[in-house]
*Asks:* 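Shown below is the structure under consideration.
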Amino acid sequence: MDFETIIGLEVHAQMLTDTKIFCGCSTKFGAAPNSHTCPVCLGMPGVLPVLNKKVVEYAMKMALATNCVINKSCEFARKNYFYPDLPKGYQISQYAYPLAEHGYVLLETNGEQRKIGITRIHMEEDAGKLLHDEHNPVSYVDLNRTGVPLIEIVSEPDMRSPEEAADYLKRLHEILVYLEICDGNMEEGSFRCDANVSIRPRGQKEYGTRTELKNMNSFRNVQRALEYEIKRQQYLVENGETVVQETRLWDDAQGVTSSMRSKEEAHDYRYFPDPDLVPIMIDDAWVKKINEELPELPPAKRERFIKDYQIPAYDVGVLTADKALALYYEEVVKLCNKPKVASNWLMGDVMRFLNEDKRSIRECPIKPESLADMIKLIEEGAISGKMAKEVVEDMYKTGKSPQEIIKEKGLVQITDEGELVKAITSIIEANQAQVVEYRGGKEKVFGFFVGQVMKATKGKANPQLVNELLKKMLAG
Amino acid sequence: MELNQLTIHELQEKIKNNSVTATQITESVFSRIDAVEERVHSYIRLMKEDALAAAAKADVDIKKGNIKPLTGIPIALKDIVCTKGITTTCGSRILHNFVPPYNSTVVEKLRSAGAIFIGKANMDEFAMGSSTETSYFGPTRNPWDLERIPGGSSGGSAAAVAADECIASIGSDTGGSIRQPAALCGIVGMKPTYGRVSRFGLIAFASSLDQIGPFTKDVEDCAIMMNIIAGYDPKESTSVNAEVPDYRQFIGRDIKSWKIGIPKEYFIEGVDPEVNAAIKKAIRVIEQSGGQCVEISLPHTQYCVATYYIIAPAEASSNLARYDGVKYGFRAADVRELLEMYKITRMQGFGSEVKRRIMIGTYALSAGYYDAYYKKASQVRALIKHDFDEAFKPCDVILTPTTPTPAFKIGEKTDDPLQMYLSDVFTISTNLAGIPGISVPCGFTSRGLPIGVQFLAGHFEEGKLIQIASAYEKNAKIEKRRPTL
Amino acid sequence: MKISSREVEYVAHLARLEVTEKETEKFTAQLNDILLYIDKLNELDTKGVEPMNHAISVTNAFREDKMLDSIGTENSLTNAPDARGEFFRVPKVID
Ligand SMILES: [Zn+2]
């Protein structure tokens with residue numbers, strides 16, 4: 001049977017604020033357990049939440065960047081359930097009136113554009129962390145993460161393959177990081193994803209029964225989990241069995257999804273408007289202000305790079321994948337005005353060094369000015385491309401400017417004709433046999449002479465000039 | 001007169017002219033407590049040592065001439081407001097050992113005004129009740145008749161003032177929990193506008209209805225207390241950033257040409273004839289004072305109790321979910337797994353009235369019932385609010401009985417929750433609409449039980465309430481009696 | 001009957017309250033009384049009435065993204081019925 005896959009994603013992104021959504025505790029990852037806590041986030045009696053304005057503004061940025069309509073009025077609601085990582089016994093979230101709705105992002109696969117709808121974006125607080133004791137029937141609760149601000153981005157069931165789902169995720173991730181509202185760190189849980197997936201015979205209108213997948217903490221795992229789950233569902237249907245609506249956990253090590261087997265208790269969250277928080281009214285002026293603060297987003301940046309720098313689409317893709325890299329690149333080009341050369345150096349040597357050390361461009365010891373200077377030195381003929389390879393490595397290792405390195409190493413090219421003529425003359429004299437060969441038409445020998453000149457000048461001779469002079473002088 | 005029988009403003013005079021010390025006042029309060037507390041049981045916890053130390057410090061300040069509005073004045077706090085380092089139980093077993101690491105805003109404000117805290121007053125568990133019988137720590141008795149309830153839920157705060165076991169006190173009012181016990185104990189009690197007094201540190205019952213207010217021996221003291229506790233608090237999102245007037249300026253002003261609305265729906269069957277007569281008398285006093293009383297209609301009055309008993313329990317069911325035995329308070333012993341821990345802890349930690357309301361509220365919010373109950377009630381709430389908006393167009397204030405009956409006997413209504421709920425019939429609408437209300441003594445029944453008259457005003461018009469209450473207090477000349485304990 | 005004893009048991013479970021059979025019986029009777037009384041509200045036509053969730057009309061109450069002191073691990077745990085090391089300890093979830 002030919003099946004069609006239907007995928008919808010729910011993404012939770014941690015907002016990059018200094019403090020929690022409803023109290024002044026730090027959001028920093030990795031602190032001592034239960035140290036980033038106060039009466040408010042511990043859910044102590046009588047304390048009250050006050051909303052961090054930055055969370056609203058960050059969420060608005062994401063809404064605008066994903067073409068959502070920001071609601072003029074929205075409110076927080078309580079989602080009631082008991083769990084030890086939820087100190088109030090309810091999570092403050094948004095329900096009937098979310099911040100934004102009806103958005104989309106565009107994906108481009110093989111030159112073909114696909115629109116993935118975004119149902120809604122809402123704000124909520126994160127829960128704490130539960131650690132299970134391996135030897136005793138107890139768990140330990142750490143409430144540092146409780147109240148850390150999140151936005152939830154819910155997509156329409158618009159994706160038709162695991163690759164498309166992964167593409168969509170990468171696009172959201174890219175936008176969040178570009179907006180500088182989320183650090184995008186999947187290992188620390190700043191960017192998390194749950195998936196709803198179902199299959200149906202191609203051509204059928206109704207959706208099949210869907211399952212919800214959790215616990216996929218990398219792009220690759222999202223794709224793998226979806227691939228596995230689709231195969232599982234197909235197997236069930238083809239063998240006359242039914243897909244059960246349930247939540248399934250992805251097991252990275254085993255490469256399978258398995259049912260959470262939670263008690264057969266239908267979730268009854270008893271949502272109602274939180275009486276402790278007041279409605280949020282967002283007028284046009286506020287939206288306009290946030291819109292003006294939006295940085296250039298990846299699609300626009302890509303278009304501009306192609307137009308302004310005339311570099312290949314591949315280069316554009318690599319350079320704009322990371323906002324900091326794009327910024328670095330633009331700075332280099334601004335200073336040296338050699339877009340393609342700059343892209344080659346950046347994507348070649350510099351990124352290789354960074355990848356080897358698992359560093360980001362932000363941690364790159366080479367300053368954009370230094371790279372631009374080096375490119376200028378090559379263009380001016382002050383150093384050769386070969387010398388530059390050595391120079392750039394030293395620049396990376398030491399953080400010094402190319403001028404400093406060239407000076408220290410005495411790497412200046414010999415461009416003095418007189419000096420070179422002198423050297424070539426003595427080489428011709430010492431190698432008469434080869435001269436005869438060359439003059440007899442054996443042009444390969446030319447390379448031998450170049451080598452000799454370079455050897456004599458310790459590689460400092462300007463290769464172009466050497467070529468020119470050799471040709472002239474060997475011709476006799 | 002003993003010092004503990006005086007009002008704040010009387011004591012302030014004496015402190016200012018150096019005729020008494022804070023220590024003398026505090027000691028006099030504690031000697032009264034020693035004499036009557038065993039019978040009345042106003043307090044869950046007394047803070048004698050701290051209070052005497054604070055009094056000694058106040059005396060140093062007084063000597064230096066550093067006298068603040070409440071310097072040397074012994075105040076009782078309902079055990080629903082969090083006090084840093086001092087056990088705060090909310091009348092419940094589930095918080096019997098909870099020591100807050102923070103102060104409620106109201107406690108901070110009173111402390112900076114120089115108040116001396118005497119103790120934490122008894123209350124219905126989580127403020128759910130109208131009689132102070134649901135306290136885990138046992139009932140409080142009405143100082144006017146120890147067989148009877150003092151009202152609730154702030155019964156301890158009211159009884160402490162009535163029995164002169166403090167000079168003034170703090171209570172909280174979600175459906176009448178200040179005004180009803182004030183009426184039944186023969187003192188003054190005000191529920192301010194929602195958002196006027198900070199709720200930060202007030203243990204939540206129903207967040208959209210709860211409001212802190214004072215119990216005092218007269219209207220002027222009420223104004224003094226309001227001056228201190230009212231005001232915007234950035235720690236509360238529903239706090240209103242509006243200017244607070246000096247409420248004392250409204251004392252002694254006349255009410256000539258004021259229009260006073262008398263809602264016909266509040267004069268119904270079931271109102272005790274003696275209460276009815278006392279209110280009729282109060283209306284005449286108001287008219288004699290220059291006020292013009294007119295009959296008005298608050299057409300949705302009969303729906304207030306039903307509306308309240310959806311909204312308050314729904315909010316409460318969520319507010320009380322945090323009492324789960326994990327972070328603080330009581331946890332059941334010998335529980336082996338999580339679900340069992342939750343269920344047994346909450347079964348043993350909460351009393352039956354609290355459980356009943358959690359059940360109603362959970363049900364009203366549960367899947368399939370939200371629209372029929374919670375949403376419906378929220379819509380009716382809008383209609384009730386609208387009734388008041390209309391009524392206050394022509395009227396300055398509204399006058400009603402505070403309660404349908406005087407204090408009832410202990411145990412009389414404990415088995416019939418609905419009858420208990422109906423005793424709040426005249427006070428509930430105020431909380432639903434968010435408006436301020438005050439209860440002022442207006443006489444006694446033939447058995448010597450106090451009766452209260454209630455005045456209501458529009459949002460943030462506490463000044464008008466002080467003005468009419470003070471005018472009424474002056475002109476009614478209610479006989480000054482003290483309970484004979 | 002507005003609410004059956006089975007529904008009462010379900011609601012008690014949602015609210016994480018252990019109830020005895022006797023309590024279930026009592027709650028069922030009392031909740032029925034109360035819910036019947038609340039039925040009064042259905043006399044009113046509320047179509048198109050905006051639900052009132054707040055007693056006052058405050059909107060946009062915000063705080064700035066400014067760090068305030070946390071109370072620290074020790075103070076966070078002092079009230080805990082069962083604290084171990086730097087954690088709150090709870091019995092394990094059993095499916
Ligand atoms: Zn906090």
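Here is how names work: the chains are called A, B, and so on, in the same order as the sequence lines, proteins then strands, and each is numbered from 1.
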*Asks:* Chain C heavy atoms under 4.5 Å from B/Thr345: which part of the residue, side chain, backbone, both or neither?
*Replies:* neither
*Asks:* Is C/Asn42 in contact with chain B via its backbone, its side chain, both, or neither, using a 4.5 Å heavy-atom distance?
*Replies:* both
*Asks:* Measure B/Ala377 against the heavy atoms of chain C and call it side chain, backbone, both or neither at under 4.5 Å.
*Replies:* both
*Asks:* Centre of B/Tyr303's six-membered ring, under 6.0 Å away, within 45 degrees of the axis: is that where NZ or CZ of C/Lys40 sits?
*Replies:* yes
*Asks:* Against chain C, label B/Leu320 side chain, backbone, both or neither, depending on which of its atoms sit under 4.5 Å from a heavy atom there.
*Replies:* neither
*Asks:* Go through the atoms of B/Leu365 and report whether side chain, backbone, both or neither lie under 4.5 Å from a heavy atom of chain C.
*Replies:* neither
*Asks:* Any side-chain heavy atom of C/Asp82 within less than 4.5 Å of one from B/Arg331?
*Replies:* yes
*Asks:* Tell me, for B/Pro101 versus chain C, whether the close heavy atoms (under 4.5 Å) come from the side chain, the backbone, both or neither.
*Replies:* side chain
*Asks:* Select one option (side chain, backbone, both, neither) describing which atoms of C/Lys2 are under 4.5 Å from chain B's heavy atoms.
*Replies:* both
*Asks:* At a heavy-atom separation under 4.5 Å, does B/Ser207 approach chain C through its side chain, its backbone, both, or neither?
*Replies:* neither
*Asks:* With only heavy atoms counted, which part of C/Glu50 is less than 4.5 Å from chain B, the side chain, the backbone, both or neither?
*Replies:* backbone
*Asks:* Is there a side-chain contact between B/Met341 and C/Pro91 in this structure, where contact means two heavy atoms from C-beta onward sitting under 4.5 Å apart?
*Replies:* yes
*Asks:* Name the region of B/Tyr323, side chain, backbone, both or neither, that has any atom closer than 4.5 Å to a heavy atom of chain C.
*Replies:* neither
*Asks:* Contact part of B/Ala433 toward chain C, heavy-atom cut-off under 4.5 Å: side chain, backbone, both or neither?
*Replies:* backbone
*Asks:* Among side-chain atoms of C/Glu18 and B/Tyr342, is any donor-acceptor pair under 3.5 angstrom?
*Replies:* no
*Asks:* Between B/Phe350 and chain C, with a heavy-atom cut-off of 4.5 Å, which part of the residue counts as in contact: side chain, backbone, both or neither?
*Replies:* side chain
*Asks:* Measure C/Leu31 against the heavy atoms of chain B and call it side chain, backbone, both or neither at under 4.5 Å.
*Replies:* side chain
*Asks:* For B/His300, which atoms come within 4.5 Å of any heavy atom of chain C: side chain, backbone, both, or neither?
*Replies:* side chain
*Asks:* Nearest 0.5 Å please: distance from the OH atom of B/Tyr369 over to the CD1 atom of C/Ile3.
*Replies:* 7.0 Å
*Asks:* Which region of B/Thr238, side chain (C-beta onward) or backbone (N, CA, C, O), has a non-hydrogen atom less than 4.5 Å from a non-hydrogen atom of chain C, or is it both or neither?
*Replies:* both
*Asks:* Is a side-chain N or O of B/Arg346 found less than 3.5 angstrom from the main chain of C/Ala15, in a donor-acceptor match?
*Replies:* yes
*Asks:* Does any non-hydrogen side-chain atom of C/Leu14 lie less than 4.5 Å from one of B/Tyr363?
*Replies:* no
*Asks:* Quick check: do B/Gln379 and C/Leu44 have side-chain heavy atoms less than 4.5 Å from each other?
*Replies:* no
*Asks:* Considering only heavy atoms, which portion of B/Gln302 lies under 4.5 Å from any heavy atom of chain C: side chain, backbone, both, or neither?
*Replies:* both
*Asks:* For B/Met359, is it the side chain, the backbone, both or neither that has a heavy atom under 4.5 Å from a heavy atom of chain C?
*Replies:* both
*Asks:* Just verifying a value: how many Å separate B/Lys355 NZ and C/Leu17 CG, rounded to the nearest 0.5 Å?
*Replies:* 6.5 Å
*Asks:* Does the side chain of B/Tyr102 come within less than 4.5 Å of C/Ile71's, by heavy atoms?
*Replies:* no
*Asks:* Which bit of C/Leu41 is near chain B, if near means a heavy-atom gap under 4.5 Å: side chain, backbone, both or neither?
*Replies:* both
*Asks:* Can you say whether B/Asn241 sits under 4.5 Å from chain C via the side chain, the backbone, both, or neither, judging by heavy atoms?
*Replies:* neither
*Asks:* Measure from the side-chain N and O atoms of C/Asn53 to the backbone N and O of B/Ser378, and report whether any donor-acceptor pair falls under 3.5 Å.
*Replies:* no
*Asks:* Taking C/Gln30, C/Glu23, C/Arg63, C/Glu7 one by one, which has the highest count of heavy-atom pairs under 4.5 Å against chain B?
*Replies:* C/Gln30
*Asks:* Can you tell whether the side chains of B/Asp324 and C/Arg16 come within less than 4.0 Å, N to carboxylate O?
*Replies:* no
*Asks:* Strictly by ring-ring contact (aromatic ring centres under 6.0 Å, His included), give each pair with a member in residues 32-53 of chain C just once, sequence neighbours left out.
*Replies:* none
*Asks:* Where on C/Arg89 is there a heavy atom nearer than 4.5 Å to chain B: the side chain, the backbone, both, or neither?
*Replies:* backbone
*Asks:* As an exercise, state the distance from CD1 of C/Ile38 to OG1 of B/Thr307, rounded to the nearest 0.5 Å.
*Replies:* 9.0 Å
